[in-house]
**Q** 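One structure is given below, represented as structure tokens, and several questions about it will come after.
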2 protein chains.
Amino acid sequence: MINYTNNLREHNLKATPQRLAITDILYTKGHISVEVLYEMMQKKFYSISLATIYKNINLMIENSFIQEVKIPNAKSVYELTKEEHSHLVCQKCNEVLDIKIDLDSIVTKTSDAYHFNIKNSNLILSGLCQNCQ
Amino acid sequence: MINYTNNLREHNLKATPQRLAITDILYTKGHISVEVLYEMMQKKFYSISLATIYKNINLMIENSFIQEVKIPNAKSVYELTKEEHSHLVCQKCNEVLDIKIDLDSIVTKTSDAYHFNIKNSNLILSGLCQNCQ
DNA sequence: TATTAAAAGAAAATAATTATCCTTTAAGGG
DNA sequence: CCCTTAAAGGATAATTATTTTCTTTTAATA
């Protein structure tokens, strides 16, 4: 298990064992729901409180260490903050993949057409993965 | 106020006064949260139950009459089902606009690259509208 | 090693959503 | 038109999700 102490500290987060484990799970799994994260954490910390999960998720979001991904017709998952990217979701097995799609020209055109100062783009493509088709 | 009886019936929904009002509000406002919908409905129906709002929203979604729009860092809003489109959201005033963006080539390329059978695309661009900049 | 602000855990509180149960009503058939 | 009935509405309870509070423990650093 890699040591993520510095990653946390760079985001002004104390490196507690619980946070190191959350970080490790996020690195390993890529995307995870509150529910599943709690289940996995319980295996490592016998008496961890669900409040600890929520408090950490919220603080980590505030400190831009992680981000929520809101998926249509499914529960939110959380991921480590990385460079902007889109998501590909399987509607059957719920797998979530990060994909790199260039939206620059769409953003530019839309900004101009609607006089919006666009700061974030969020694209989720949903369907069936190869296995589930 | 237009009569939406047939619109509802086409989706196998009984045309109750409450549903006609919800439909009218959706047509007029375009996008609305549960909370605001409830407040607006209370003005027309003195003793409407919040359960009625939720039950109708859920049934209307099941029957594809409306759809949920999950917005990053904000509450979900609901809209009447229309042809596929994207959304432009102001992070300050929370205005939500429907925009038409051609994602066909992105969908095709991604389908091929990842062997996914993509069924839905969901793009939300967030930033500041002209007024809020 | 001692100090202290922050984090963890337990439990209570709050918020959001759904279910239950009884009353009312939309819809369609005679 | 009335009658019948399945479905919908309203009130409220129950459930689920999330946040808060409070006390104990601990990471960070001096």
Side-chain angles (χ1 to χ4, degrees), chain A residues 3-26 32-63 65-78, chain B residues 3-26 32-63 65-78:
Chain A
N3 187 288
Y4 300 104
T5 303
N6 293 335
N7 305 60
L8 287 166
R9 290 193 183 150
E10 282 161 12
H11 290 266
N12 297 309
L13 295 164
K14 272 194 186 180
T16 66
Q18 291 83 349
R19 286 181 186 165
L20 289 166
I22 290 173
T23 307
D24 189 58
I25 289 169
L26 285 169
I32 200 163
S33 65
V34 171
E35 187 180 34
V36 175
L37 178 60
Y38 181 47
E39 286 166 15
M40 293 184 73
M41 289 292 287
Q42 283 182 306
K43 290 176 187 162
K44 299 192 189 187
F45 300 89
Y46 174 71
S47 67
I48 192 170
S49 167
L50 186 51
T52 299
I53 303 291
Y54 277 107
K55 283 187 284 194
N56 276 316
I57 285 178
N58 289 336
L59 194 66
M60 286 170 159
I61 289 174
E62 277 171 42
N63 292 14
F65 185 63
I66 67 172
Q67 284 181 285
E68 181 178 359
V69 184
K70 289 189 178 184
I71 300 172
N73 312 310
K75 285 186 191 161
S76 285
V77 295
Y78 299 84
Chain B
N3 186 287
Y4 300 105
T5 303
N6 293 333
N7 304 60
L8 287 166
R9 290 194 183 150
E10 283 161 12
H11 291 264
N12 297 309
L13 295 165
K14 273 196 187 179
T16 66
Q18 290 84 350
R19 288 182 186 164
L20 289 166
I22 290 172
T23 308
D24 189 58
I25 289 169
L26 284 168
I32 200 163
S33 65
V34 170
E35 185 180 36
V36 175
L37 178 60
Y38 181 48
E39 286 166 13
M40 292 184 75
M41 289 293 286
Q42 283 182 307
K43 291 177 186 161
K44 299 191 188 190
F45 300 89
Y46 173 71
S47 68
I48 194 171
S49 168
L50 186 52
T52 299
I53 303 291
Y54 277 107
K55 283 187 283 194
N56 276 315
I57 284 178
N58 289 335
L59 194 66
M60 286 170 158
I61 289 174
E62 276 172 41
N63 292 14
F65 186 63
I66 67 172
Q67 284 180 284
E68 181 178 359
V69 183
K70 290 190 178 184
I71 300 172
N73 312 311
K75 285 185 191 163
S76 285
V77 295
Y78 300 84

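Below, chain A is the first sequence line, B the second, and so on; all start at residue 1.
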**Q** Tell me, please, which residues at least two apart from B/Glu35 pass salt bridge (Lys or Arg N to Asp or Glu O under 4.0 Å).
**A** B/Lys75
**Q** If you assign B/Leu13 and A/Leu13 each to the DNA chain C nucleotide with the nearest heavy atom, which residue ends up on the more 5' nucleotide?
**A** A/Leu13
**Q** Applying the side chain to side chain contact (heavy atoms under 4.5 Å, CB included) criterion to B/Phe65, which one of B/Met60, B/Glu10, B/Arg19 satisfies it?
**A** B/Met60
**Q** Please check if the number of heavy atoms outside B/Asn73 that lie under 6.0 Å from its CG is greater than 12.
**A** no
**Q** Mind calculating the distance between CE (B/Met60) and C1' (D/dA8) to the nearest angstrom?
**A** 12 Å
**Q** Got a sec, which residues hit salt bridge (Lys or Arg N to Asp or Glu O under 4.0 Å) with B/Lys14, two or more places apart in sequence or on another chain?
**A** none
**Q** Is the shortest heavy-atom distance from the side chain of A/Tyr78 to the side chain of A/Ile57 under 4.5 Å?
**A** yes
**Q** Restricting to salt bridge (Lys or Arg N to Asp or Glu O under 4.0 Å), what partner residues turn up for A/Lys55, sequence neighbours left out?
**A** none
**Q** Contacts to DNA chain D from residues 38-59 of chain A, heavy-atom cutoff under 4.0 Å, which residues?
**A** A/Leu50, A/Ala51, A/Tyr54, A/Lys55, A/Asn58
**Q** So, does A/Arg9 get its side chain near the phosphate of D/dA28, meaning an N or O under 4.0 Å from OP1 or OP2?
**A** yes
**Q** Which is the 5'-most and which the 3'-most nucleotide of DNA chain C that has an atom under 4.0 Å from a heavy atom of chain A?
**A** C/dA5 to C/dA11
**Q** Let me check something: any side-chain donor-acceptor pairs from residues 41-53 of chain A under 3.5 Å, sequence neighbours excluded? List them with distances.
**A**
unit_1  : atom_1 : unit_2  : atom_2 : d
A/Gln42 : NE2    : A/Tyr38 : OH     : 3.2
A/Ser49 : OG     : A/Ala51 : N      : 3.0

**Q** Do A/Ile22 and A/Ile66 have side chains that get closer than 4.5 Å, going by heavy atoms?
**A** no
**Q** How many Å lie between NZ on B/Lys75 and P on D/dT18, as a whole number?
**A** 14 Å
